[in-house]
2 protein chains.
Amino acid sequence: MLVDEVGLSSDSRERVLNAAEELFVKRGYEAVIIKDIAKAAGIHHASLYHHVPGGKPSLYVEVMTRHLQRYQAGMHAAIQQPQENLESQLQSVGAWVIAHTPVNVIRLHNSDLTAIKAEAADIISNLAFEATLFPIVTVLEAAQQRGEIQHESLGYMAGSLFASLEAIHAIPDQYLDLSRQSIANQIIEVFIRGLKA
Amino acid sequence: MLVDEVGLSSDSRERVLNAAEELFVKRGYEAVIIKDIAKAAGIHHASLYHHVPGGKPSLYVEVMTRHLQRYQAGMHAAIQQPQENLESQLQSVGAWVIAHTPVNVIRLHNSDLTAIKAEAADIISNLAFEATLFPIVTVLEAAQQRGEIQHESLGYMAGSLFASLEAIHAIPDQYLDLSRQSIANQIIEVFIRGLKA
DNA sequence: GTCTATATAAAGATAGAC
DNA sequence: GTCTATCTTTATATAGAC
């Protein structure tokens, strides 16, 4: 397969990265141990260091960078679809957000990023902004230019909406009497039109 | 002081609990180590076990229970103030939320509570609901009965608002050109009236 | 590339002097 | 109640056989 010559990774390295991504994103840096990742990837934890010589910190940085870049690409695609009005664009954003494990930026800043080197933390922090808030702000500003909405602080409003959508993940299944997508759509509707009768 | 006879705690025990509360709430269970708590309380980490024989898990449960009970009491007081309309009631809620470290229920369920015994986790999980969503649902239902608002799924909307308000904590100081309370008030306004021009 | 065995380091916890 | 010293457990990481 000449993987080295074309710069591709081996199969198990990919499994390690996927397992690490899922666990780190879900539980955060400290709550994940190397053995869990290796087990999920189907190898012995000692073998993991063959694929990721830098160990846990470097694995975290690689995997979170990749995760946020993909997240950003997905958000971009969601808002790029040829939809005319704000509501349908935000519904696409909602679909993307509920289809993925929450980014949880509060945890990211309060614990995860304090455990790694400052430069890496800065990069991930900026990526998180680019992947989450920035696309939503773009959509809101365009809608404002079309005269669909009117607000002075669209950045804060974008953050508010994103936080609401991510929180849908926290609803336990037993309390769900609508699909998560329907809940997202209701949140978006209230965001645009308000709760007022 | 006869502290034993009246069931009161010693001074340093209280310092330990306060330090533990602040750290656990901010960083989560795994990211906090016993030495950090002891250091913040001004004692050697070995001395901590004198005050909390159950060690880290039991300390976490005690401190989170206390935290959420107080949080609930504060939310209750906020909504009980003699304010007639929904907006001013929610502004009091917003003031309480931004004055306290986020409860972060997503992290609570995805990592913190998986590290402790299931029964304790259930109790904390229920307390978190009572302390955060329940008071907001109560306020929204009352407003609906007065005819101020109209929505089918007030529970989900309460969750949405609470998540938005907690997320205000995640805004770095350098990006703040309004006070957090002002941002909370704007979020509440949009929640009630919408972004629409 | 993967394992077994082992080393190192960090965290939780206990014993016992003061 | 608090400390020093020590023990145990757990997690990260390395060495070297296969």
Side-chain angles (χ1 to χ4, degrees), chain A residues 1-21 23-24 26-64 111-112 114-117 120, chain B residues 1-24 26-64 111-117 120:
Chain A
M1 237 316 214
L2 304 176
V3 289
D4 285 344
E5 294 184 27
V6 287
L8 289 179
S9 306
S10 78
D11 213 55
S12 5
R13 178 172 153 86
E14 200 51 40
R15 284 207 311 279
V16 167
L17 295 183
N18 289 337
E21 178 175 347
L23 290 168
F24 279 137
K26 178 161 189 187
R27 300 192 204 149
Y29 185 79
E30 302 284 1
V32 174
I33 66 178
I34 289 293
K35 275 190 177 175
D36 291 339
I37 297 172
K39 191 175 183 183
I43 59 172
H44 194 269
H45 71 274
S47 311
L48 185 145
Y49 291 89
H50 171 79
H51 302 290
V52 190
K56 189 179 178 182
S58 131
L59 178 56
Y60 178 81
V61 171
E62 173 170 3
V63 125
M64 288 303 292
S111 34
D112 295 354
T114 64
I116 62 173
K117 282 208 292 269
Chain B
M1 235 320 209
L2 304 175
V3 290
D4 284 344
E5 294 185 29
V6 287
L8 288 178
S9 307
S10 78
D11 212 55
S12 9
R13 178 173 154 85
E14 200 52 41
R15 284 207 311 280
V16 167
L17 295 182
N18 289 337
E21 179 175 347
E22 184 177 337
L23 290 168
F24 279 137
K26 177 162 191 187
R27 300 191 203 150
Y29 184 79
E30 302 285 1
V32 173
I33 66 178
I34 290 292
K35 275 191 178 175
D36 290 340
I37 297 171
K39 192 176 182 182
I43 59 172
H44 194 271
H45 71 274
S47 311
L48 184 146
Y49 291 89
H50 171 79
H51 303 291
V52 190
K56 191 179 177 182
S58 129
L59 178 56
Y60 177 81
V61 171
E62 173 169 4
V63 126
M64 288 304 291
S111 35
D112 296 355
L113 295 187
T114 65
I116 62 173
K117 283 207 291 265

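All values derive from a computational prediction rather than experimental measurement. Throughout, protein chains are lettered first and strands after them, A, B, ... in sequence-line order, and every chain is numbered starting at 1.
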[X] [atom1] to [N] [atom2], straight-line distance once rounded to whole Å:
X       : N      : atom1 : atom2 : result
B/Glu30 : D/dT12 : CD    : P     : 11 Å
A/Tyr60 : D/dT12 : OH    : P     : 15 Å
A/Arg27 : D/dA11 : CZ    : P     : 12 Å
A/His51 : C/dC3  : NE2   : C1'   : 12 Å
B/His44 : D/dT2  : NE2   : P     : 12 Å
A/Ile43 : D/dC18 : CD1   : C1'   : 17 Å
A/His50 : D/dC18 : NE2   : P     : 19 Å
A/Leu48 : C/dT2  : CG    : P     : 10 Å

Side chains of residues 50-63 of chain B: which donor-acceptor partners sit under 3.5 Å, not counting sequence neighbours?
{"unit_1": "B/Lys56", "atom_1": "NZ", "unit_2": "B/Tyr29", "atom_2": "O", "d": "3.1"}
{"unit_1": "B/Lys56", "atom_1": "NZ", "unit_2": "B/Val32", "atom_2": "O", "d": "2.7"}
{"unit_1": "B/Glu62", "atom_1": "OE1", "unit_2": "B/Arg13", "atom_2": "NH2", "d": "3.0"}
{"unit_1": "B/Glu62", "atom_1": "OE2", "unit_2": "B/Arg13", "atom_2": "NH2", "d": "2.4"}

Query raised in the report: To the nearest 0.5 Å, how far apart are CE in A/Met64 and CD in A/Glu21?
Result: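 If I round to the nearest 0.5 Å, the distance is 8.0 Å.
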Requested in this report: Nearest 0.5 Å please: distance from the CD atom of A/Glu30 over to the CD1 atom of B/Ile33.
Outcome: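 That separation rounds to 9.0 Å.
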What's touching nucleotides 13-17 of chain D from the protein side, N or O pairs under 3.5 Å?
{"unit_1": "D/dA13", "atom_1": "OP2", "unit_2": "A/Tyr49", "atom_2": "OH", "d": "3.1"}
{"unit_1": "D/dA13", "atom_1": "OP2", "unit_2": "A/Lys56", "atom_2": "N", "d": "2.9"}
{"unit_1": "D/dA13", "atom_1": "N6", "unit_2": "A/His45", "atom_2": "NE2", "d": "3.4"}

Report task. Would you please confirm or rule out a distance under 4.0 Å between OP1 or OP2 of C/dG1 and any side-chain N or O of A/Ser47? Result ->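 False: A/Ser47 side-chain N/O out of range (4.0 Å or more) of C/dG1 OP1/OP2.
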Query raised in the report: Below 4.5 Å, heavy atoms only, C-beta onward: do A/Asp36 and A/Arg27 meet side chain to side chain?
Result: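 Contact flag for A/Asp36/A/Arg27 side chains = yes.
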Query raised in the report: Can you check whether B/Glu14 reaches B/Leu17 side chain to side chain, under 4.5 Å on heavy atoms?
Result: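 Counting from C-beta outward, B/Glu14 and B/Leu17 do come under 4.5 Å.
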Requested in this report: Check whether more than 12 heavy atoms from other residues, nucleotides or ligands sit under 6.0 Å from atom CD of B/Glu22, and answer yes or no.
Outcome: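 Counting other residues, nucleotides and ligands, CD of B/Glu22 stays at 12 neighbours or fewer.
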